[in-house]
Amino acid sequence: MTLPDTAATPAGADRTFQVDLRGLVDLLSHHLYSSPRVYLRELLQNAVDALTARHGLEPDAPADAFGIRLYADGAVVRVEDDGVGLTEADVHTFLATIGRSSKRAEGIAEQRGDFIGQFGIGLLSCFLVADEIHVLSRSARTPDAPAVEWRGRGDGSYAVRTLPASARPRPGTTVTLTPRADTGEWTRPARVHALARHFGSLLRHPVSFDDGTGGPGASVNPEPAPWACTHPTPGARSRALAAYGEEVFGFTPLDTIELDLPAVGLKGIACVLPEAVPTGRRHGHRVHVKGMLLSEQAEEILPEWAFFVRCVVDAESLRPTASRESLYEDDTLAAVREALAERLRAWIARAAASDPDLLARFLQAHHLAVKSLAVHDDEILRMLLPWLPFETTDGHATLDEFARTHRTVLVTSSVEEFRQVAAIASAAGLGVVNGGYTYDRELVHRLPEIRPEVSVADLDPATLTAHLDPVDRETELAAMAYLALARDALAVFDCDVALRTFQPASAPALLVDSREARHERTRSQLAREQEGGLWGDILGALRQEAPRAQLILNQLNPLVRAAVAIDEPELARTSAEALYGQAAMLSRRPLRPSESSLINRSFLDLLAHALRKDS
């Protein structure tokens with residue numbers, strides 16, 4: 001790659017780009033390729049493409065007539081193939097021109113879809129581990145073609161010479177690298193063999209490895225892809241696919257789903273994870289293109305909701321990016337993604353229809369993933385909504401079980417609201433579902449689409465308080481003075497106080513206060529503080545009657561009956577504050593600083609009162 005003599009170029013004439021090869025290799029290593037290890041993948045890829053072209057010349061040759069041989073002894077790394085080879089003109093045209101692929105040669109361009117590589121820069125990756133690349137090739141297109149030797153160096157220079165045919169008796173190409181001292185991590189025999197297995201275990205051409213010790217060569221890809229094998233029974237096939245999934249991913253699949261899309265030549269398996277994964281976390285999938293491993297982290301092959309599986313697939317028609325480490329986003333990939341999503345939906349449908357035990361184990365681990373799918377997929381919604389678990393006042397139950405007991409299903413808008421009312425609602429016979437978790441409220445509201453006899457409504461404070469029994473007239477009149485003191489003490493929290501009877505009797509008080517009500521009171525308070533200013537005018541325009549919280553005291557509770565009988569005003573106020581603080585803590589919502597201060601103060605005041613009384 002010699003540089004042109006710019007001094008001899010006439011003024012105004014077209015000039016040729018000059019390329020700093022070392023700078024280009026540095027760019028590839030830092031921005032295109034993820035690791036120097038890709039050099040072996042590029043060499044294998046070039047060899048496979050050469051074999052593909054050779055089979056195009058000799059279509060009647062047996063599939064295993066031509067192969068690839070790797071050699072690494074610590075001093076050199078060599079890749080030899082029985083492919084189509086190169087002529088001297090090919091060497092000058094393709095090995096000496098950056099970016100031009102030998103797969104653009106005459107007679108090959110129209111078969112471009114048969115090749116893995118598409119970009120013509122793969123050989124440069126060898127400069128990531130070596131300062132010199134030696135190529136010896138002989139073309140299979142001409143029977144008496146001579147051998148051609150090409151030596152490329154990291155400084156951008158190269159040399160070509162023609163050798164007698166005896167220098168390479170058979171057509172094909174041999175690429176030899178002399179590794180640099182600092183790249184032993186990637187060129188040791190054991191590492192070369194491991195990389196070859198990693199990238200080429202599913203290649204369709206035979207690949208062997210020799211470590212130079214004189215022993216028999218090891219096969220890199222002794223077995224075909226497991227989905228390409230025949231098995232005596234469906235059970236044996238299922239076990240073989242599961243064993244392969246465990247070998248690849250390191251976990252025993254809950255089940256394996258065969259993937260087969262003939263239109264794009266895709267085959268593979270999806271392994272269902274046996275345990276739940278965090279919400280939104282997506283696993284990478286192993287994608288091979290024509291047998292060559294492209295990526296272990298190809299998230300784009302499946303939709304976002306399918307985070308309960310990990311896939312390994314081999315495809316013919318997917319396009320790699322320039323680095324050949326991910327997939328190019330195009331219409332084909334979008335169609336493949338949707339088709340694979342349909343395969344996963346079909347698996348869920350089969351499990352629901354014919355394997356309730358598998359479905360139960362699947363939903364136990366991955367109900368959140370299914371809920372996210374059901375929100376957008378009516379078929380999955382109809383099929384699985386009755387089976388999905390929800391937190392309810394009857395404990396964790398499916399909606400199908402819950403709807404048998406409760407024809408009216410109430411759903412809360414937050415987790416804290418459910419925790420406030422769960423015990424009281426259950427004692428009152430109300431059926432309440434916790435709608436505070438992701439997707440739950442939306443899904444519960446769609447239950448009537450599956451069970452038309454069931455009605456669903458949002459739970460509001462009025463609904464709950466309407467199911468609490470009033471106290472008799474005499475009891476209420478006797479408690480009027482205490483209730484007035486309690487309302488005055490809790491006015492700072494915009495909280496009303498009422499006396500009712502409800503189960504369980506062990507609950508002294510219930511604080512009914514929604515998140516929306518608290519937000520409205522905060523807005524109203526801010527508007528009052530900003531009275532007369534710009535923000536005050538804006539917030540004042542939005543002002544409405546701020547909804548109040550309500551502390552409902554339980555007349556059935558012995559502590560409340562004792563409290564309403566207190567005739568000391570300060571002690572009555574303190575007891576009301578303590579009851580409010582205890583109810584606020586039981587609601588499990590975040591406490592405001594003023595509420596935390598009230599809880600501490602009321603506790604200390606009651607303790608001081610008790611100590612004075614004892615003394």
Side-chain angles (χ1 to χ4, degrees), residues 414 416-417 420-421 424 460-462 464-466 468 470-471 475-502 507-533 535-536 539-540 542-555 557 559-609:
S414 66
E416 65 185 48
E417 185 181 15
Q420 285 178 18
V421 306
I424 288 87
D460 57 46
L464 181 64
T465 54
L468 305 182
V471 297
T475 301
E476 187 170 15
L477 287 173
M480 288 296 293
Y482 179 85
L483 295 177
L485 286 171
R487 292 185 185 110
D488 183 66
L490 302 179
V492 66
F493 300 113
D494 290 315
C495 184
D496 194 10
V497 183
L499 186 65
R500 299 285 188 274
T501 62
F502 55 85
L510 169 66
L511 181 61
V512 179
D513 190 18
S514 68
R515 180 182 302 176
E516 292 75 12
R518 291 197 302 275
H519 287 175
E520 176 60 26
R521 291 198 301 274
T522 301
R523 187 201 60 75
S524 298
Q525 181 180 0
L526 181 60
R528 291 192 297 269
E529 293 172 353
Q530 298 289 338
E531 193 76 38
W535 283 110
L539 294 173
L542 301 174
R543 183 178 301 167
Q544 54 183 322
E545 184 65 28
R548 306 190 73 193
Q550 192 172 34
L551 180 68
I552 302 176
L553 304 180
N554 187 5
Q555 175 64 19
N557 183 267
L559 179 63
V560 171
R561 290 199 300 271
V564 298
I566 296 174
D567 55 8
E568 298 179 36
E570 286 304 316
L571 181 58
R573 291 175 61 91
T574 300
S575 67
E577 292 173 343
L579 288 168
Y580 175 89
Q582 189 258 1
M585 287 191 296
L586 287 178
S587 71
R588 301 184 188 180
R589 63 169 171 79
L591 296 177
R592 290 174 285 180
S594 58
E595 291 173 328
S596 298
S597 176
L598 174 138
I599 292 170
N600 292 332
R601 186 180 69 251
S602 61
F603 170 76
L604 293 175
D605 287 349
L606 288 174
L607 180 61
H609 176 81

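In this text the structure is predicted, and so the values were computed from the model without any measurement.
Checking each of I599, L604, D605 against R601 for a side-chain contact (heavy atoms from CB on, under 4.5 Å) leaves exactly one that passes, namely D605. When each of R573, E577, Q582 is paired with S602, the side-chain contact (heavy atoms from CB on, under 4.5 Å) condition holds for E577 and for no other. Under the side-chain contact (heavy atoms from CB on, under 4.5 Å) rule, L553 has a single partner from L499, V471, L510, which is L499.
Side-chain contact between S575 and I566 is present, with at least one heavy-atom pair separated by less than 4.5 Å. When side chains are defined from C-beta on, L551 does not count as touching F493, because their heavy atoms never get closer than 4.5 Å. Annotation: side chain of L490 is not in contact with side chain of D496 (no heavy-atom distance under 4.5 Å).
A distance-only check finds no donor-acceptor pair linking the side chain of S597 to the backbone of P593 [under 3.5 Å].
Scanning all heavy atoms of the two residues, the minimum distance from P569 to L485 falls at CA-CD1, 3.9 Å. Contact record, Y580 with C495: CE1-SG, 3.9 Å, taken as the closest heavy-atom pair. Of all the heavy atoms in T501 and P470, the pair that sits closest is OG1-O, 4.2 Å.
A distance of 11.5 Å separates CG of L511 from CG of L579, quoted to the nearest 0.5 Å. Here the straight-line distance linking atom CG of L571 with atom NE2 of H609 works out to 4.5 Å at 0.5 Å rounding.
Checked against salt bridge (Lys or Arg N to Asp or Glu O under 4.0 Å), R561 has no partners two or more places apart in sequence or in another chain.
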